[in-house]
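Here's the structure we're looking at; comments come further down.
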Amino acid sequence: SQTIHQWPATLVQPVGSPLSLECTVEGTSNPNLYWYRQAAGRGLQLLFYSVGIGQISSEVPQNLSASRPQDRQFILSSKKLLLSDSGFYLCAWRRTSGNEQFFGPGTRLTVL
Amino acid sequence: AQKITQTQPGMFVQEKEAVTLDCTYDTSDQSYGLFWYKQPSSGEMIFLIYQGSYDEQNATEGRYSLNFQKARKSANLVISASQLGDSAMYFCAMNERGSTLGRLYFGRGTQLTVWP
């Protein structure tokens, strides 16, 4: 069976500090991968998606970047965090030929 | 324009009763998919049910069913025999087959509370 992991689960960072959130998927190969952000009390906003190693597309211009160094690893980064980067970050995967997206447990980021 | 609209910020239902959560969508694509996800307080998004735009039958998964009315562009979730564990945030989502590789558009969600 497939599983998706995210870490850390929670993070408190000062403004201006760097960020690295990691997502890994097990039990499948060549998945489509997605990073979403959920602000408090809101729906999810797609940030990045990837169809393969090194292939990243951004949906929203912002302070964040993403990378996919391995087939089942997706990393969300920032060089300098802003207060507005606070939120709940969710990674998701989908089979190339599938419909459903399956989400990880999420990372709750607070920027102070 | 909003692609997914959920007009009920909160809903309350008594245990063992059925409840309907509303969702309307906006798309000009002929081929699309509709989804419902459950988000408990832990934050994880749990996939519940999927309906393809060409599916003639309404999707069902256990106690969940999707009332798909294509002409009205609605995709309401029906939960039968509610349980206390159903209390959570519920999100309706859509993807358009012609757009970005399965990207999902989400509504703002409905907070469901099941009381004993």
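Everything quoted here is computed from the prediction, not taken from an experiment. First the proteins, then the strands, lettered A, B, ... as listed; each starts at 1.
- For B/Phe35, the ring-ring contact (aromatic ring centres under 6.0 Å, His included) partners at least two apart in sequence or on another chain are B/Tyr50.
- By the criterion of side-chain heavy atoms lying less than 4.5 angstrom apart, applied directly or through intervening Ile, Leu, Val, Met, Phe, Trp or Tyr residues, A/Ile75 is not grouped with A/Trp93; the two fall into different hydrophobic clusters.
- Contacts of B/Lys16 classified as side chain to side chain contact (heavy atoms under 4.5 Å, CB included), with partners at least two apart in sequence or in another chain: none.
- Counting heavy atoms from C-beta outward, A/Gln38 and B/Phe106 have side chains that stay 4.5 Å or more apart.
- In plain terms, the two heavy atoms of B/Asn95 and A/Asn99 that are nearest each other are ND2-O, 4.2 Å.
- Annotation: side chain of B/Leu104 is in contact with side chain of A/Tyr36 (closest heavy-atom distance under 4.5 Å).
- Looking at B/Gln39, the atoms closer than 4.5 Å to chain A (heavy atoms on both sides) all sit in the side chain, from C-beta outward.
- Surrounding CD of B/Glu56 are at most 12 heavy atoms belonging to other residues, nucleotides or ligands under 6.0 Å away.
- Contact residues of residues 59-88 of chain B toward chain A are absent (heavy-atom distance under 4.5 Å).
- Against chain B, the residues from residues 81-91 of chain A that qualify, each with a non-hydrogen atom under 4.5 angstrom away, are A/Phe88, A/Leu90 in number order.
- Hydrophobic clustering (side-chain heavy atoms under 4.5 Å, transitive across Ile, Leu, Val, Met, Phe, Trp, Tyr) groups A/Leu64 together with A/Val15.
- Around atom CD of B/Gln14, more than 12 heavy atoms belonging to other residues, nucleotides or ligands sit under 6.0 Å away.
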Point to revise | Residues A/Phe103, B/Phe47; criterion side chain to side chain contact (heavy atoms under 4.5 Å, CB included); working and verdict | key: CA-CA 8 Å; A/Phe103 287 80; B/Phe47 166 74; over 6 Å; no
